[in-house]
2 protein chains.
Amino acid sequence: MDTRERLIESTRELLWERGYVGTSPRAIQQRAGVGQGSMYHHFTGKPDLALAAVRRTAEDMRAKAEGELSGPGTAYERIEAYLLRERAVLRGCPVGRLTQDPDVITDAVLRQPLEETFDWLRRRLGRVLAEGRERGELASDLDPVATAAAIVATLQGGYVLARAAASVEPFEDAVKGVLGLLAARVTS
Amino acid sequence: MDTRERLIESTRELLWERGYVGTSPRAIQQRAGVGQGSMYHHFTGKPDLALAAVRRTAEDMRAKAEGELSGPGTAYERIEAYLLRERAVLRGCPVGRLTQDPDVITDAVLRQPLEETFDWLRRRLGRVLAEGRERGELASDLDPVATAAAIVATLQGGYVLARAAASVEPFEDAVKGVLGLLAARVTS
DNA sequence: GTCTATACAGGGATAGAC
DNA sequence: GTCTATCCCTGTATAGAC
């Protein structure tokens with residue numbers, strides 16, 4: 001892995017662990033094992049490097065979700081596969097956590113990948129739900145847009161509850177809860 | 001409002017806006033309109049002051065939720081009242097946002113109020129759901145614990161989605177979605 | 001109790017040598 | 001391209017005057 005690559009990967013890790021405000025150029029350089037000059041040769045500064053890191057993390061997240069949501073099975077089964085995927089729950093969502101960073105959220109360029117990721121995810125889940133409804137798998141009066149938002153929100157909020165409790169239990173309860181509510185809308 | 005009180009209130013605002021890592025003693029003192037010495041007279045340092053602020057914010061949140069959840073109406077109506085309460089959605093949850101702060105979450109004392117608040121909230125919602133079920137208002141196979149976690153998570157995740165989108169729409173969709181799923185479990 | 005002065009590490013970036 | 005040296009500002013806290 002070359003220097004530029006190491007800088008991006010180190011930044012991704014630190015943004016996940018400590019957020020944007022909590023991540024210093026020094027810490028990035030040390031983790032990447034490079035000097036001051038290298039970072040400022042490849043990137044104009046902290047925001048520029050963070051942007052490269054955030055874009056890659058956002059792409060990763062979309063790719064993983066697409067894997068589960070485009071898989072085989074009914075709408076319910078695909079959503080179940082997505083929600084029950086193995087996750088590092090206590091570390092939180094590397095995209096969602098950045099929404100709490102004032103310097104990210106007030107910067108239109110840095111915020112854009114976050115917006116695109118969650119927009120995409122809600123739409124993708126909405127399509128799965130709409131398909132399930134059309135195929136007669138799900139109740140005909142189920143609202144795909146609102147339900148998709150609720151599912152994504154449950155995941156993001158599950159991370160919040162887990163971190164508050166220092167335990168994965170509330171996350172797992174929340175996922176179980178929303179899956180239970182959705183299961184009741186599966187036509188039998 | 002005396003000096004000590006102004007310091008706590010200024011800290012609450014800044015923790016909400018910028019989080020723990022993003023909030024400096026200087027900024028607190030300036031917002032409170034006091035000098036360096038005053039802050040270190042009343043509090044031992046930033047963590048001590050933050051603890052006082054966080055505890056008060058957590059109490060506030062519980063008190064508001066109790067107002068809606070102990071009100072009149074069916075279980076569904078009380079949960080609806082809680083979820084549809086007017087909120088400063090784009091500012092996020094003043095308690096939930098602290099779960100993203102590494103210096104808060106790794107400090108057992110600072111984390112405790114967060115854990116207690118969400119524990120209490122899940123239990124309180126769980127009791128409302130269990131009561132509704134006993135009274136025959138809700139489906140008998142509804143899981144109160146898991147459903148309560150899903151409802152709290154939807155709220156917390158709704159804030160995340162709204163901040164990513166710089167719009168209240170995903171929050172409102174998520175709330176609508178979970179209420180729609182819950183409504184389908186109301187016995188008719 | 002509250003203020004100003006001071007201290008020192010770290011954040012964030014630039015300059016210039018190699 | 002990468003390194004070290006340097007710069008200025010802020011974060012966090014202490015000291016001591018009033």
Side-chain angles (χ1 to χ4, degrees), chain A residues 1-56 97-98 100-111, chain B residues 1-56 97-98 100-111:
Chain A
M1 203 160 48
D2 66 2
T3 301
R4 185 189 157 84
E5 203 57 22
R6 285 210 310 282
L7 281 164
I8 294 177
E9 290 302 318
S10 298
T11 304
R12 290 181 63 191
E13 291 172 18
L14 282 163
L15 286 180
W16 195 0
E17 292 168 19
R18 306 199 40 84
Y20 184 85
V21 174
T23 295
S24 69
R26 269 173 138 87
I28 294 169
Q29 294 147 20
Q30 284 175 1
R31 183 165 302 207
V34 307
Q36 298 268 110
S38 282
M39 181 183 136
Y40 288 99
H41 172 72
H42 291 287
F43 300 94
T44 64
K46 175 175 162 177
D48 186 36
L49 175 49
L51 181 60
V54 170
R55 281 184 174 155
R56 188 172 295 180
R97 75 105 55 236
L98 296 174
Q100 303 302 328
D101 244 305
D103 293 356
V104 170
I105 226 63
T106 57
D107 180 329
V109 177
L110 273 175
R111 186 176 61 77
Chain B
M1 204 161 45
D2 67 2
T3 300
R4 186 188 156 84
E5 201 60 22
R6 285 209 310 280
L7 281 165
I8 294 177
E9 290 302 316
S10 298
T11 304
R12 292 180 63 191
E13 292 173 17
L14 283 163
L15 286 180
W16 195 1
E17 292 168 20
R18 305 199 42 84
Y20 184 85
V21 174
T23 295
S24 69
R26 267 174 138 87
I28 293 169
Q29 293 148 19
Q30 284 174 2
R31 185 165 301 207
V34 307
Q36 299 268 109
S38 280
M39 182 183 135
Y40 289 98
H41 171 72
H42 291 286
F43 300 94
T44 65
K46 176 174 159 175
D48 186 35
L49 176 47
L51 181 61
V54 170
R55 282 183 172 154
R56 187 172 296 181
R97 76 107 50 236
L98 296 173
Q100 302 302 329
D101 245 304
D103 294 355
V104 170
I105 226 63
T106 59
D107 180 331
V109 178
L110 272 175
R111 186 176 61 75

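Order of the sequence lines fixes the chain letters, A, B, ..., with proteins taken first and strands second; residue numbering starts at 1 for each chain. Values in this document were obtained by computation on a predicted structure and should not be read as measured data.
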Quiz prompt | Arg6(A) bridged to Glu9(A) by N-O distance under 4.0 Å | solution = no
Check the distance between [N]'s [atom2] and [X]'s [atom1] and give it to me in whole angstrom.
X: His42(B); N: dT14(D); atom1: NE2; atom2: C1'; value: 17 Å
X: Glu5(A); N: dT2(D); atom1: CD; atom2: P; value: 13 Å
X: Arg6(B); N: dG1(C); atom1: CZ; atom2: P; value: 15 Å
X: His41(B); N: dT14(D); atom1: NE2; atom2: P; value: 15 Å
X: Gln30(B); N: dT12(D); atom1: CD; atom2: C1'; value: 14 Å
X: Asp103(B); N: dG11(D); atom1: CG; atom2: P; value: 15 Å

Nearest 0.5 Å please: distance from the [atom1] atom of [X] over to the [atom2] atom of [Y].
X: Lys46(A); Y: Leu51(A); atom1: NZ; atom2: CG; value: 14.0 Å
X: His42(B); Y: Leu49(B); atom1: NE2; atom2: CG; value: 10.5 Å
X: Ile8(A); Y: Asp2(A); atom1: CD1; atom2: CG; value: 8.5 Å

Tabulated below should be each protein N or O lying under 3.5 Å from an N or O of nucleotides 10-13 of chain C; please produce it.
from: dG11(C); atom 1: OP1; to: Ser24(A); atom 2: OG; distance (Å): 3.0
from: dG11(C); atom 1: N7; to: Arg26(A); atom 2: NH1; distance (Å): 3.4
from: dG12(C); atom 1: OP1; to: Lys46(A); atom 2: NZ; distance (Å): 3.1
from: dA13(C); atom 1: OP2; to: Tyr40(A); atom 2: OH; distance (Å): 3.1
from: dA13(C); atom 1: OP2; to: Lys46(A); atom 2: N; distance (Å): 3.3
from: dA13(C); atom 1: N7; to: Gln36(A); atom 2: NE2; distance (Å): 3.4
from: dA13(C); atom 1: N6; to: Gln36(A); atom 2: NE2; distance (Å): 2.5

Quiz item: With sequence neighbours excluded, what pairs up with Arg18(A) under the salt bridge (Lys or Arg N to Asp or Glu O under 4.0 Å) test?
Solution: Asp103(B)
Quiz item: Does dG1(C) have OP1 or OP2 sitting under 4.0 Å from an N or O in the side chain of Thr3(B)?
Solution: no
Quiz item: Does the pair Arg26(A) and Gln36(A) meet the rule for a side-chain contact (heavy atoms from CB on, under 4.5 Å), with working shown?
Solution: CA-CA 8 Å; Arg26(A) 269 173 138 87; Gln36(A) 298 268 110; 4.3 Å; yes
